[in-house]
Amino acid sequence: MDASAHTIHETGGGGAAESSVSMKASTTPLSKAVPGAPAVDMTRTLAIQQKQAEVYRQLLETLLLSEQESAALFPDLSKSLVAHIGTLQQLKDDLQDIFTRIRALKMHFREKHPEIFDYVQSLHVEELDDDDDDASNGASL
């Protein structure tokens with residue numbers, strides 16, 4: 001730094017004086033600011049860094065807006081999710097009740113009409129038979 005900039009900094013001058021000092025230092029070649037460094041004009045580097053800082057600032061603003069929108073939607077969406085989970089649980093319980101009743105009806109018809117039940121079972125495809133589901137009934141959901 002030159003002598004005038006040094007005295008301004010030493011006396012603790014106002015913000016405008018300090019910004020002019022930093023601006024003056026940024027426009028000087030790097031070889032004057034740092035002895036032994038190659039001569040590089042810092043204005044181009046400073047301009048690139050300012051553009052990058054602006055891009056990062058805009059990105060930060062976008063992320064902040066996104067976070068605010070998410071925070072505003074979260075309570076409604078969580079209530080909706082809880083309602084959907086409750087509905088699915090009711091559907092599961094209803095289906096279990098239906099299949100239990102179907103099994104009871106099958107047992108009733110097997111006891112009352114064994115010959116007809118055996119004939120119908122022989123026509124029935126084994127893959128569709130739910131007798132094997134009795135063992136895995138509690139394993140689902």
Side-chain angles (χ1 to χ4, degrees), residues 1-2 4-141:
M1 263 190 243
D2 62 358
S4 63
H6 186 60
T7 53
I8 291 174
H9 185 65
E10 258 184 18
T11 58
E18 287 179 6
S19 65
S20 68
V21 169
S22 62
M23 192 61 125
K24 185 174 183 179
S26 66
T27 58
T28 60
L30 185 61
S31 60
K32 287 183 181 178
V34 178
V40 176
D41 187 19
M42 296 302 289
T43 56
R44 182 172 177 264
T45 303
L46 182 61
I48 291 171
Q49 288 178 347
Q50 287 173 340
K51 287 179 186 177
Q52 289 175 340
E54 180 63 22
V55 169
Y56 291 139
R57 186 191 60 75
Q58 290 173 353
L59 180 62
L60 183 63
E61 287 176 4
T62 303
L63 289 173
L64 182 62
L65 287 174
S66 175
E67 190 274 333
Q68 289 172 348
E69 289 173 8
S70 297
L73 291 174
F74 180 76
D76 294 334
L77 292 176
S78 63
K79 287 178 187 175
S80 177
L81 177 64
V82 168
H84 287 300
I85 290 171
T87 302
L88 288 174
Q89 188 65 39
Q90 288 175 347
L91 287 172
K92 176 186 169 256
D93 294 343
D94 290 346
L95 284 173
Q96 285 179 340
D97 184 49
I98 290 168
F99 286 119
T100 301
R101 290 178 184 203
I102 290 172
R103 286 187 199 99
L105 285 173
K106 283 173 67 174
M107 294 297 286
H108 175 73
F109 287 126
R110 182 181 291 165
E111 292 171 1
K112 288 252 185 193
H113 310 285
E115 65 281 344
I116 295 173
F117 186 82
D118 290 338
Y119 174 72
V120 171
Q121 284 297 98
S122 68
L123 297 176
H124 193 65
V125 178
E126 286 183 25
E127 296 168 355
L128 297 177
D129 194 8
D130 66 342
D131 288 341
D132 296 333
D133 291 344
D134 291 342
S136 65
N137 190 15
S140 64
L141 286 179

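Residue indices begin at 1 and follow the sequence shown.
- For Thr62, the side chain to side chain donor-acceptor pair (under 3.5 Å) criterion is met by no residue, not counting sequence neighbours.
- Atom-to-atom distance recorded for Gln49:CD and Tyr56:OH is 10.5 Å, nearest 0.5 angstrom.
- Qualifying side-chain contact (heavy atoms from CB on, under 4.5 Å) partners for Tyr119, counting only residues two or more places apart in sequence or in other chains: Ser122, Leu123.
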side-chain contact (heavy atoms from CB on, under 4.5 Å) between Arg101 and Ile98: does it pass, once the steps are laid out?
CA-CA 5 Å; Arg101 290 178 184 203; Ile98 290 168; 5.8 Å; no

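- Counting heavy atoms from C-beta on, the side chains of Gln96 and Asp93 come closer than 4.5 Å.
- For the atom pair CD1 of Ile102 and CG of Asp97, the computed distance is 10.0 Å after rounding to the nearest 0.5 Å.
- Residues forming a side-chain contact (heavy atoms from CB on, under 4.5 Å) with Gln90 (at least two apart in sequence, or on another chain): none.
- If you take CD on Gln68 and CG on Leu65, they are separated by 5.5 Å, rounding to the nearest 0.5 Å.
- Counting only residues at least two apart or on different chains, the side chain to side chain donor-acceptor pair (under 3.5 Å) pairs with a member in residues 73-82 are Ser80-His84.
- Residues in residues 57-70 take part in these salt bridge (Lys or Arg N to Asp or Glu O under 4.0 Å) pairs, two or more places apart or across chains: Glu54-Arg57, Arg57-Glu61.
- Asp94 is linked by a salt bridge (Lys or Arg N to Asp or Glu O under 4.0 Å) to nothing, counting only residues two or more places apart in sequence or in another chain.
- Rounded to the nearest 0.5 angstrom, Lys112 NZ and Phe117 CZ are separated by 15.0 Å.
- Under the rule for a side chain to side chain donor-acceptor pair (under 3.5 Å), Asp118 has no partner lying at least two apart in sequence or in another chain.
- Side-chain contact check for Gln50 versus Leu46: some heavy-atom pair is nearer than 4.5 Å.
- Looking at heavy atoms from C-beta onward, Leu63 lies in side-chain contact with Leu59 at the 4.5 angstrom threshold.
- With sequence neighbours left out, the side-chain contact (heavy atoms from CB on, under 4.5 Å) criterion links Ile48 to Arg44, Gln52.
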